[in-house]
Protein chains: 2
Amino acid sequence: MLEKDKIHVGDCRQVLSDHILFPGGTVDLVITSPPYADRRMHSYGGVKPAAFTDWFIPISGELYRVLKPRGSLVLNMKENVKNGERQTYVIELILAMRKQGWIWTEEYCWYKKNSYPGKWPNRFRDSWERCLHFTKRRDFRMYQDAVKVPIGDWATKRFRSMSEKDFIRSMSATSSKFGRRVANWANKRKVFPHNVVVFESEHYYEPSTMIHFATECKNRNHSACFPIELPTWFIKLFTKKGDTVLDPFIGVGTTAVAANALDRHFIGIEISPAYAKEAYRNIRAMKKRTK
Amino acid sequence: MLEKDKIHVGDCRQVLSDHILFPGGTVDLVITSPPYADRRMHSYGGVKPAAFTDWFIPISGELYRVLKPRGSLVLNMKENVKNGERQTYVIELILAMRKQGWIWTEEYCWYKKNSYPGKWPNRFRDSWERCLHFTKRRDFRMYQDAVKVPIGDWATKRFRSMSEKDFIRSMSATSSKFGRRVANWANKRKVFPHNVVVFESEHYYEPSTMIHFATECKNRNHSACFPIELPTWFIKLFTKKGDTVLDPFIGVGTTAVAANALDRHFIGIEISPAYAKEAYRNIRAMKKRTK
DNA sequence: GTTCCGCATGAATCGATAG
DNA sequence: ACTATCGATTCATGCGGAA
């Protein structure tokens, strides 16, 4: 029987292959950020870039089995650079997963404004990651209304018509929140988003930007690979209340916290007992806050 | 001998293979938006998605030959959707070009804020395109200082201290430009950009500098539509004044106009005589304006 | 209760050095 | 030649302490 709202400690390759614990066709959404090649060497035995596809394909096979026919799989990944070149293991994975039966429905672009700093002679900072959307069928479930955003055009037009004097006066004044006010006003009309996902802090630099969330990727001591807004967005988009969300590399529990806050069930798998513990702590902390 | 500031009319497969007209190692930057699979069927003989790679590889081979050792190739592409699925010809092309000797240095993301409208049950509007950056060597030429951008943090801090009253007063005022003011103030400090390219201009389908282009683009559904800001950015980034820029699918001449405006030489190839004519018209129109 | 200022810190990458 | 480690680079963000 599928146990919900639980985090299994172990290697997801083994855990997922337990057909009693994980019956087929029971999960509505799988969302995860797999350990990149060359990362987390200690825990996953150092997956070499060349072997990444071979390592992941059995896992995606189990995910295919576990997913409901009209469910979705979202993989957050970005190939890293080696010898001055982007590696190819992610695009190779796409091709391999299609052969496995997956439909590569879409590639969402997560635009990370707070990307890792640095300067190099041959490239700029990497500020975007792929969110690969795979499905089993073309008529998968999608709840677009759940992620509508305030219309961006509104603020653009208002700001453009702001006088220079008013602008300067505004700049020199000091008190209260600016961002929230705009957000409230902008809530009046909503439109559908597009396939570039941006999470921003509540304050903005460009008047035309109207999607605002915190960009926090850090949870006290432990770092999460994506901010909670990322799973939140996809969970809203591909599931409804009471559905079940699976993250086979759940880390410190970001996906679980997001699912729980949205009244969805979660199932997590984590190889590191310390991370799993921290995940439970984060879930408890969230529950306490929303009470 | 390499003739510069000229647009060759013909199929670039033939034109590029002329080793007299196009000697090896003479071009500093190739930037282009190839006709996507399934588009421009009439002009290029209907390239099927499955055959796209086979069709393009001989062309990229000639581009490799023509490019200087430390030059760059930028391909603006995005796979279209067929049967509810993203097609794989672009990622297959990346793998094939690597086998050809190209280094897949980076994938820039062009974030199109004003993307083509539309609504579908299974996906949102496609608002980003790949700008694939290929090189022959790891020590290619890159002029990062040429594309520095105003710091984002400045405006954030200022806006945070704007009072509610001033905000409302500002919103109700109407005259003058807001955006420019910000730009001027923000020019004080500049930082390096990242690999997500966003242009703030409004008309992505009708570059303001392209006088004749606008109607043409709408009416005839020309596929290679990027705003002039796109080639401008990459030309600044990968070439210096006096260098030579090649676009083998130049269409109505956007790349030529950009190169000319930046004091770079251009070479264009275009299969449609009507487009080539239009390109010359656009170049003349630009020259007249800057005089 | 708020705002402001300073500071530490990241799913990074390069180039040099060492084994 | 090939891999492992280290220091330098860079900036958006959250946090803590002070006004």
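Chain naming here is simple, since letters A, B, ... match the order of the sequence lines and numbering starts at 1 in each. Hydrogens, waters and symmetry mates are skipped; everything else that's a heavy atom, side chains included, is used.
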How would you list, by chain and number, every residue that makes a side-chain contact (heavy atoms from CB on, under 4.5 Å) with [X], sequence neighbours excluded?
X	answer
B:Val196	A:Tyr111, A:Ser127, A:Trp128, B:Cys109, B:Tyr111, B:His194, B:Val198
B:Lys136	B:Tyr64, B:Leu67, B:Trp102
B:Arg141	B:Arg70, B:Tyr143

Separation of [X] atom [atom1] from [N] atom [atom2], in whole Å?
X	N	atom1	atom2	answer
B:Lys190	D:dT10	NZ	P	17 Å
A:Met77	C:dA11	CE	P	16 Å
A:Ile250	C:dA11	CD1	C1'	17 Å
A:Glu79	C:dT13	CD	C1'	15 Å
A:Gln87	C:dT13	CD	C1'	12 Å
A:Asn80	C:dG10	CG	P	19 Å
A:Glu229	D:dT13	CD	P	12 Å
A:Lys112	D:dG14	NZ	P	15 Å

Could you tell me whether A:Asp5 and A:Arg264 have a side-chain N and a carboxylate O separated by less than 4.0 Å? no
Describe the nucleic acid contact of B:Pro193 in one word from base, sugar-phosphate, nothing, applying a heavy-atom distance below 4.0 Å. nothing
Dump the pairs, protein N or O against N or O of nucleotides 14-18 of chain C, anything under 3.5 Å, distances to one decimal.
| unit_1 | atom_1 | unit_2 | atom_2 | d |
| --- | --- | --- | --- | --- |
| C:dC14 | OP1 | A:Asn122 | ND2 | 3.1 |
| C:dC14 | OP1 | A:Arg123 | NE | 3.1 |

Output the single nucleotide from [options] whose closest atom is nearest the side chain of [X].
X	options	answer
A:Arg125	D:dC11, C:dA12, C:dT13	D:dC11
A:Arg86	C:dA12, C:dT13, C:dA11	C:dT13
A:Cys225	D:dC11, C:dA11, D:dT13	C:dA11

Side chain to side chain donor-acceptor pair (under 3.5 Å) with B:Lys240: which residues, sequence neighbours excluded? B:Asp243
Does A:Arg130 have any side chain to side chain donor-acceptor pair (under 3.5 Å) partners at least two apart in sequence or in another chain, and if so, which? A:Glu79, A:Glu107, B:Glu107
Does A:Lys112 make a cation-pi contact with A:Trp110, if we ask for NZ or CZ under 6.0 Å from the ring centre and within 45° of the axis? yes
Just jot down the ring pair (Phe, Tyr, Trp, His ring centres under 6.0 Å) partners of A:His8, sequence neighbours excluded, or say none. A:Phe22
Residues that B:Phe192 engages under ring pair (Phe, Tyr, Trp, His ring centres under 6.0 Å), provided they are two or more places apart: none
Base of C:dA12, side chain of A:Ser115 - is there a donor-acceptor contact under 3.5 Å? no
Stems formed with participation of DNA chain C [Watson-Crick or G-U wobble, under 3.5 Å, three or more pairs]: C:2-10 with D:11-19, C:12-19 with D:2-9
